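In this text, all values refer to a predicted model and were calculated from it rather than measured experimentally.
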Amino acid sequence: MEKIEHATVRTNGINMHVASVGDGPDTVLFIHGFPELWYSWRHQMLSLAALGYRAIAPDLRGYGGTDAPPRVESYTAFHVVGDLVGMLDALGIGRVFVVGHDWGAIMAWHLCLVRPDRVKALVNTSVAWFPRNPERKPVESMRATFGDDYYVCRFQEPGVAEEDFAKADIAKLIQLFLTGRDPSPPIVPKDVGISGLIKLLDQQQVELPSWLTDDDISYYATQFSRTGFTGGFNYYRCLDLNWELSAPWTGARIEVPVKFIVGDLDLTYHFPGVKEYIHDGGFKKAVPNLEDVVVMEGVAHFLQQEKPQEGLMLSLMMVSIIIVHMDIDRGQ
């Protein structure tokens, strides 16, 4: 970990914290999700650096050492893509290979959608790309499918989720998120709340899994104790705004080369219709250069942390896609 360097980069009107390691000619950009930080990619960053590549992982806006703009509307996918492009410009990096997870996967898809000229290839995890449905906003669809107690719906009203999370021990909250293995849709009854679920966790005396240490929990807890969770919640609050702003891309496809990884216990893999979409041709239609889909057995949502030994596998997948497309570039 001491090999990883840290810097602050000015981009798109904010100061962005960026972790980096390695000095190879090819750069891999890692994009984290919720509730995570650059730290989620520590294993993969070190693996790729050891193989001769440069790995960079920012804290996204609203997280960790990066600025948190106060307005909810400042957290759209287009703001974040602007941050990432500006960061690459500030670091003197042109095109990159991208790896994303959770909300980071969503941001990676949008980066490929609106700035494919900056992406050589993508290895995305957990969240597949779904074309925009012009008939219905996403939060409306989720509410109709899962009800008002669905966690995304609970996060919508500013201040409500913050008040609930403030009642909880942050270290136990991080543990609850990272170690969850129930693939059913996360439901948070209003009269129970996240803080109530943590009390149930305490009663069960759940121990940390071997892949997650007290030091890991402490790192996350320290950062979120300082920043709070509003920045992360605001990504959920911009779901419908993203839908509105992305209208010009209705029907557009992701054209960059892609490999996709998901755990078979990942809650995103068990949403209604997702397995069929991924495996029966819908995903390939929306992402025509989808080269591979890997379903990791017995692995839940936070796969890059749960299976750090498979971090090397992810790294090798990235290297294979790098080699193929370097050969293509040489042929052009």
Side-chain angles (χ1 to χ4, degrees), residues 1-7 9 16-33 36-60 63-65 83-85 87-88 90-105 107-109 111-112 118-127 211-213 216 219 256-263 289-294 296 299 302-330:
M1 289 291 291
E2 65 275 4
K3 296 179 181 179
I4 297 177
E5 299 178 348
H6 300 269
V9 173
M16 173 172 271
H17 167 244
V18 182
S20 64
V21 63
D23 56 3
D26 291 294
T27 300
V28 181
L29 167 63
F30 291 92
I31 313 176
H32 71 80
E36 298 180 276
L37 301 160
W38 74 268
Y39 187 82
S40 303
W41 297 110
R42 58 199 180 280
H43 305 297
Q44 290 78 19
M45 292 177 69
L46 292 169
S47 294
L48 271 178
L51 292 170
Y53 299 92
R54 181 182 184 184
I56 61 174
D59 287 334
L60 297 182
Y63 286 91
D83 297 343
L84 296 173
V85 171
M87 177 198 69
L88 295 177
L91 296 174
I93 300 171
R95 299 171 67 214
V96 293
F97 297 92
V98 181
V99 184
H101 172 256
D102 187 76
W103 268 104
M107 297 302 116
W109 290 124
L111 176 62
C112 295
R118 303 304 294 265
V119 180
K120 292 185 177 180
L122 170 67
V123 175
N124 234 359
T125 68
S126 182
V127 181
W211 53 268
L212 189 64
T213 68
D216 295 332
Y219 185 87
V256 306
V258 174
K259 293 192 177 186
F260 182 72
I261 308 173
V262 66
N289 291 315
L290 178 66
E291 299 184 355
D292 197 9
V293 172
V294 176
M296 299 177 69
V299 179
F302 295 94
L303 56 85
Q304 82 276 41
Q305 298 188 75
E306 180 181 341
K307 291 290 184 180
Q309 65 271 30
E310 268 73 24
L312 181 58
M313 181 274 288
L314 189 151
S315 300
L316 291 173
M317 285 185 67
M318 176 59 71
V319 171
S320 71
I321 210 168
I322 285 172
I323 292 172
V324 169
H325 293 286
M326 282 178 64
D327 290 343
I328 292 174
D329 288 344
R330 291 192 189 101

Item to check | Side chains of Ile93 and Ile56 in contact at under 4.5 Å (non-hydrogen atoms) | outcome: yes
Next on the checklist: Please check this pair: side chain of Asp59 against backbone of Leu37, looking for a donor-acceptor N/O pair closer than 3.5 Å.
Outcome noted: no
Item to check | Where Gly100 and Thr125 come nearest, the two heavy atoms and their spacing | outcome: O-OG1, 2.8 Å
Next on the checklist: Within the 4.5 Å heavy-atom criterion, are Lys259 and Val294 side-chain neighbours or not?
Outcome noted: no
Next on the checklist: Measuring only between side-chain heavy atoms, which start at C-beta, is Asp216 closer than 4.5 Å to Arg42?
Outcome noted: yes
Item to check | Pairwise side-chain contact, Phe30 with Gln304, heavy-atom cut-off 4.5 Å (strictly under) | outcome: no
Item to check | Heavy-atom closest pair, residues Ala19 and Met45 | outcome: O-CE, 3.7 Å
Checklist entry - Does Val258 reach the side chain of Asn289, with side-chain heavy atoms less than 4.5 Å apart? => result no
Item to check | Minimum heavy-atom distance Arg54-Gly22, with the two atoms named | outcome: CG-O, 3.6 Å
Checklist entry - What closest approach, in Å, do Leu29 and Met87 show between heavy atoms, and which atom pair accounts for it? => result CD1-CE, 3.7 Å
Item to check | Nearest-0.5 Å distance that lies between atom CZ in Phe97 and atom NZ in Lys120 | outcome: 4.5 Å
Checklist entry - Taking the six-membered ring for Trp, are Tyr39 and Tyr219 parallel (under 30°), tilted (30 to 60°) or perpendicular (over 60°)? => result parallel
Checklist entry - Below 4.5 Å, heavy atoms only, C-beta onward: do Gln44 and Val99 meet side chain to side chain? => result no
Checklist entry - When rounded to the nearest 0.5 angstrom, what distance separates CG in Leu212 from CD in Glu306? => result 10.0 Å
Item to check | Among His17, Glu36, His32, the one residue meeting side-chain contact (heavy atoms from CB on, under 4.5 Å) with Leu60 | outcome: His32
Checklist outcome for this item: For Ala57 and Trp41 the tightest heavy-atom approach is CB-CD1, 4.5 Å
Checklist entry - Going by heavy atoms in the side chains, are Leu46 and Ile4 under 4.5 Å from each other? => result yes
Checklist entry - Short question: side chain of Asp26, backbone of Tyr53 - any donor-acceptor pair under 3.5 Å? => result no
Checklist entry - Of all heavy-atom pairs between Val127 and Trp109, which one has the smallest distance, and what is that distance? => result O-NE1, 2.8 Å
Checklist entry - Is the gap between the ring centers of Phe302 and His101 under 6.0 Å? => result yes
Checklist entry - How long is the span from the CG atom in Asp83 to the CE atom in Met107, to the nearest 0.5 Å? => result 10.5 Å
